[in-house]
Amino acid sequence: MKKVLTLVLFFILSMNVEAVEKKIKLATLAWEPYIGPELEKNGPVAEIIRQALKLEGYNLELVFMPWARAMAESEKASDGIDGCMPKFYDEEVVSKFEFSDPFFESQVGFIGNKKNNKEINYIYDKDDLNKTYDKLNNLSFGIVRGYFNEEKFDKRNDLKKIDVTTDEMNMSNLINKKVDLIFIDNFVFKYLLRKNYKLNISPADFTMLNPPIKVHKLYIIFSKKAVDYKEKLKSFNLGMKKLSKQKKLGKIIREFEDFR
């Protein structure tokens, strides 16, 4: 009997260890209001992924770091990192990463400072964005280092681009007229305005060039060097399908004030 009890106890403990170890570790960045270490539940992006993985028996572990480093560490699968997110689709990384199904989206475009007297000749050409950029080639652009903005824009070496490490620094450069336009997500821009209310700045001081340049879908990218990455990718995709079928995605997003 004692031997049987010992075997049962060992089996139970083994199951518990397996449950604890069944996790997916993702590198990410502070990209408020989508995701961030100080946000409630780390923001809607984290919560959507967390709930999708939970339906498939996985726990989510997040590691926050600058985006360029997140990409580099994820590619190597350093320290057990399985991948990173949120990532726009980018053909240039498909040899090193596998993209999940999309789980959210981001609307990106240009923001200008009305106190800057430079003429902004914005004529949006959805069929040829290079024509849009041609008319803006007298301006300077603020971007965040390591971000994928829009494919044609990123390839334009003739445009003057000033890169920084965070959206907040990018926004600061626009406020201080160090750049003419910044490439930024609309929700991020509005969030930063609210967050920096003490700087005595107002949404009325800025102009959002419409229509936006692009609506990006957001993905997890799993490193092809990560252990069991195909199984983890499959599990996340299945979890997302279940969340969608249960009509929980909208409910999760509405929990967060910045997205109501």
Side-chain angles (χ1 to χ4, degrees), residues 20-55 58-88 97 100 102-108 142-149 163-173 175 182-199 216-223 226 232 236 239-240 243 248-249 251-260:
V20 169
E21 290 181 344
K22 195 173 181 183
K23 69 179 181 181
I24 289 179
K25 185 176 182 179
L26 299 176
T28 187
L29 76 169
W31 190 46
E32 295 92 350
Y34 289 90
I35 189 166
E38 305 302 323
L39 295 177
E40 180 183 0
K41 298 181 181 179
N42 297 131
V45 160
E47 186 61 10
I48 288 170
I49 293 171
R50 186 180 293 115
Q51 292 299 326
L53 291 176
K54 185 177 180 181
L55 289 173
Y58 282 90
N59 293 319
L60 173 65
E61 181 180 345
L62 295 176
V63 185
F64 287 91
M65 58 185 72
W67 183 247
R69 182 183 163 204
M71 287 289 293
E73 296 296 312
S74 298
E75 180 186 333
K76 296 181 289 186
S78 300
D79 195 28
I81 292 174
D82 295 296
C84 66
M85 61 83 186
K87 183 76 175 79
F88 300 161
F97 295 94
S100 71
F103 59 85
F104 208 21
E105 62 182 32
S106 161
Q107 191 178 88
V108 297
I143 60 173
V144 179
R145 192 174 307 144
Y147 277 19
F148 176 84
N149 299 294
D163 67 331
V164 291
T165 56
T166 67
D167 281 300
E168 199 153 15
M169 291 174 67
N170 204 20
M171 188 75 172
S172 177
N173 279 350
I175 292 168
I182 59 173
F183 208 119
I184 195 168
D185 171 276
N186 287 347
F187 278 118
V188 172
F189 168 70
K190 293 171 184 175
Y191 174 83
L192 290 177
L193 279 181
R194 289 192 296 273
K195 182 179 178 182
N196 292 293
Y197 70 95
K198 291 182 181 179
L199 295 177
H216 287 289
K217 293 185 182 300
L218 302 182
Y219 305 84
I220 299 174
I221 53 172
F222 286 86
S223 172
K232 292 170 181 176
F236 172 71
M240 280 300 300
L243 275 185
K248 290 185 177 179
L249 284 173
K251 183 179 178 182
I252 292 171
I253 294 165
R254 287 191 297 273
E255 289 178 5
F256 297 87
E257 184 177 351
D258 291 305
F259 291 90
R260 288 175 191 161

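Any value given below was found using the heavy atoms of this structure, including those in side chains, with hydrogens, waters and symmetry copies removed.
Scanning both residues, L243 and A52, for their nearest heavy atoms gives CD1-N, 3.7 Å. When every heavy atom of P33 is checked against every heavy atom of L39, the shortest pair comes out as O-CD1, 3.6 Å.
Atom CG of N173 and atom CD1 of I143 lie 11.5 Å apart (nearest 0.5 Å). To the nearest 0.5 Å, the span separating CD on E47 from NZ on K251 amounts to 11.0 Å. Put simply, CZ on F64 and CD1 on I35 are 4.5 Å apart, with the number rounded to the nearest 0.5 Å. With values rounded to the nearest 0.5 angstrom, L29 atom CG is found 10.0 Å from T166 atom OG1. We find the NZ-CD1 distance between K232 and I220 to be 12.0 Å, quoted to the nearest 0.5 Å. I81 CD1 to L26 CG: the interatomic distance, rounded to the nearest 0.5 Å, is 9.0 Å.
Between the side chain of K25 and the backbone N or O of D79 there is at least one donor-acceptor pair closer than 3.5 Å. Not one N or O on the side chain of S106 forms a donor-acceptor pair closer than 3.5 Å with the backbone of H216. Judged purely by atom type and a 3.5 angstrom limit, R50 uses its side chain to pair as donor or acceptor with the backbone of K41. T28 places a side-chain N or O within donor-acceptor distance of the main-chain N or O of M85, the cut-off being under 3.5 Å. Under the 3.5 Å distance criterion, the side-chain polar atoms of N42 are matched with a main-chain donor or acceptor of G36. In terms of modelled atom types and a separation under 3.5 Å, the side chain of D82 and the main chain of I24 share no donor-acceptor contact.
Ring planes of F236 and F222: tilted class, angle from 30 to 60°.
In this structure, E32 does not pair ionically with K195, as no charged nitrogen and carboxylate oxygen lie closer than 4.0 Å.
Side chains of W67 and K87 form a contact here, defined as non-hydrogen atoms less than 4.5 Å apart. In this structure, the side chains of I48 and M240 come closer than 4.5 Å at one or more pairs of heavy atoms. V45 has its side chain within reach of F103: a pair of non-hydrogen atoms, C-beta onward, lies under 4.5 Å apart. Looking only at side-chain heavy atoms (C-beta outward), P44 and E255 stay at 4.5 Å or farther from each other. The shortest distance between side-chain heavy atoms of E73 and V63 does not fall below 4.5 Å. Contact of the W31 side chain with the P86 side chain is registered, since non-hydrogen atoms from C-beta on lie closer than 4.5 Å. Within the 4.5 Å cutoff, the side chain of Y219 has no heavy atoms near those of the F97 side chain. Using a 4.5 Å heavy-atom threshold, the side chains of I221 and S74 count as separate.
Both tests pass for K22 against the ring of Y58: distance under 6.0 Å to the centre and angle within 45° of the axis.
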Would you sort out whether Q107 and F187 count as a side-chain contact (heavy atoms from CB on, under 4.5 Å), showing the intermediate values? CA-CA 8 Å; Q107 191 178 88; F187 278 118; over 6 Å; no
Please walk me through it: do Y34 and D185 pass side-chain contact (heavy atoms from CB on, under 4.5 Å)? CA-CA 10 Å; Y34 289 90; D185 171 276; 2.8 Å; yes
For I175 and M171: C-alpha separation, side-chain torsions, deciding distance, then whether side-chain contact (heavy atoms from CB on, under 4.5 Å) applies. CA-CA 6 Å; I175 292 168; M171 188 75 172; 4.2 Å; yes
side-chain contact (heavy atoms from CB on, under 4.5 Å) between V108 and F88, worked out: CA-CA 11 Å; V108 297; F88 300 161; 4.1 Å; yes
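Proximity of the aromatic rings of F259 and F104 is defined here by a centroid distance below 6.0 angstrom, and this criterion is met.
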